[in-house]
Amino acid sequence: MIDSLVTFVISMSGGSAALGIVLFTLAVRLLLLPLNVRQSRTMKIRQRLAPKLRELQKRHARNPERLAKETSALFAKEGTSPFAGFLPMLVQFPFMWLMFRVATHPTALAGHTLFGAPLGQQVAGVMANFGLVSVPFLVFVSVIALVVVVAWFSARNITIAEDQPDWLKRLLPWMPYGSVLAVLVLPLAAGLYLLVSMAWATTERAVLASRPL
């Protein structure tokens with residue numbers, strides 16, 4: 001299945017695997033847009049209801065069943081539920097896994113490059129085969145640098161709900177930088193996928209955050 005998908009991704013871009021990965025990533029992101037719009041709406045509702053949620057938590061701290069019932073009723077008045085934001089996240093995982101498998105395919109990307117840098121090689125392999133002073137290494141460094149920039153913008157625009165635990169509030173701003181670590185150990189194709197996917201997600205989040213409910 002993955003072999004056929006990789007072949008399709010490469011053929012849809014006229015034989016360029018790099019362009020195929022970019023187009024495929026954008027296509028899947030576009031397909032998931034309605035789910036992300038719904039998730040953004042749920043997050044805004046959750047932020048608006050934060051004071052009422054804190055009041056319910058204090059009032060029914062010793063009665064978890066009553067707290068769950070009152071919380072569900074509060075969200076129901078807004079036409080949503082406390083768990084509505086999780087469904088889009090769960091639906092995205094199979095698509096993200098599929099895109100990742102395409103970008104890290106061990107054989108189908110053989111011979112395909114991005115400005116001379118092999119898509120199937122990690123940064124360590126590029127260093128060993130081409131050296132530090134080479135165009136392929138510069139391409140890899142450029143992708144890593146762009147991922148760092150996008151991760152920085154993403155971290156600055158993360159929406160943190162007031163009712164989330166303190167440890168999660170501290171952790172969330174650092175999570176985008178995990179992609180930087182991933183690019184350092186994964187093939188260039190995966191780095192390209194992460195760059196495009198993160199750039200879309202960061203832009204999408206900023207646009208949706210500025211929209212009214």
All side-chain hydrogen bond (donor to acceptor under 3.5 Å, both in side chains) counterparts of [X], not counting sequence neighbours:
X	answer
Ser16	none
Glu70	Arg66
Arg156	none

Show me the donor-acceptor pairs, under 3.5 Å and distance only, between side chains in residues 21-29 and residues at least two apart or in other chains.
residue : atom : partner : partner atom : Å
Thr25   : OG1  : Ile21   : O            : 2.7
Arg29   : NE   : Ser197  : OG           : 3.2
Arg29   : NH2  : Ser197  : OG           : 2.9

State which residue, out of Gln57, Arg59, Lys58, fulfils the side-chain hydrogen bond (donor to acceptor under 3.5 Å, both in side chains) condition with Glu55.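 When side-chain hydrogen bond (donor to acceptor under 3.5 Å, both in side chains) is applied between Glu55 and each of Gln57, Arg59, Lys58, only Arg59 qualifies.
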Assigning hydrophobic clusters by single linkage (Ile, Leu, Val, Met, Phe, Trp, Tyr; side-chain heavy-atom cutoff under 4.5 Å), is Trp97 placed with Leu35?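 Yes, Trp97 connects to Leu35 through the hydrophobic network.
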Before giving the answer on side-chain contact (heavy atoms from CB on, under 4.5 Å), spell out for Asn36 and Arg38 the whole-Å C-alpha distance, their side-chain angles and the decisive distance to 0.1 Å. CA-CA 5 Å; Asn36 292 329; Arg38 180 182 178 185; over 6 Å; no
Pairwise distance OG(Ser154) to CZ(Arg205) - rounded to 0.5 angstrom: 4.0 Å
Qualifying residues under side chain to side chain contact (heavy atoms under 4.5 Å, CB included), relative to [X], sequence neighbours excluded:
X	result
Ala182	Leu186, Leu194
Lys69	none
Leu31	Phe95

Whether the side chain of Gln122 engages the backbone of Val185 through a donor-acceptor N/O pair (distance < 3.5 Å, no angle test) should be reported.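 Yes; judged by distance alone, with no hydrogens or angles, the pair exists.
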Would Phe75 and Thr71 satisfy side-chain contact (heavy atoms from CB on, under 4.5 Å), going step by step from the backbone distance to the final call? CA-CA 6 Å; Phe75 276 91; Thr71 300; 3.8 Å; yes
Contacts table for residues 110-121: side-chain donor-acceptor under 3.5 angstrom, sequence neighbours left out:
residue : atom : partner : partner atom : Å
Gln121  : OE1  : Val126  : N            : 3.4
Gln121  : OE1  : Asn129  : ND2          : 3.1

Write down the atom of Ser40, the atom of Leu208, and the distance for their closest heavy-atom approach.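 Shortest heavy-atom separation between Ser40 and Leu208 comes out as OG-CB, 3.5 Å.
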If you compare all heavy atoms of Thr203 against all heavy atoms of Ala199, which two are closest, and at what distance to 0.1 Å?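 For Thr203 versus Ala199, the nearest heavy atoms are OG1-O, 2.9 Å.
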For residues 134-153, which side-chain donor-acceptor pairs fall under 3.5 Å, sequence neighbours excluded?
residue : atom : partner : partner atom : Å
Ser134  : OG   : Gly131  : O            : 2.9
Ser134  : OG   : Phe137  : N            : 3.4
Ser142  : OG   : Leu138  : O            : 2.8

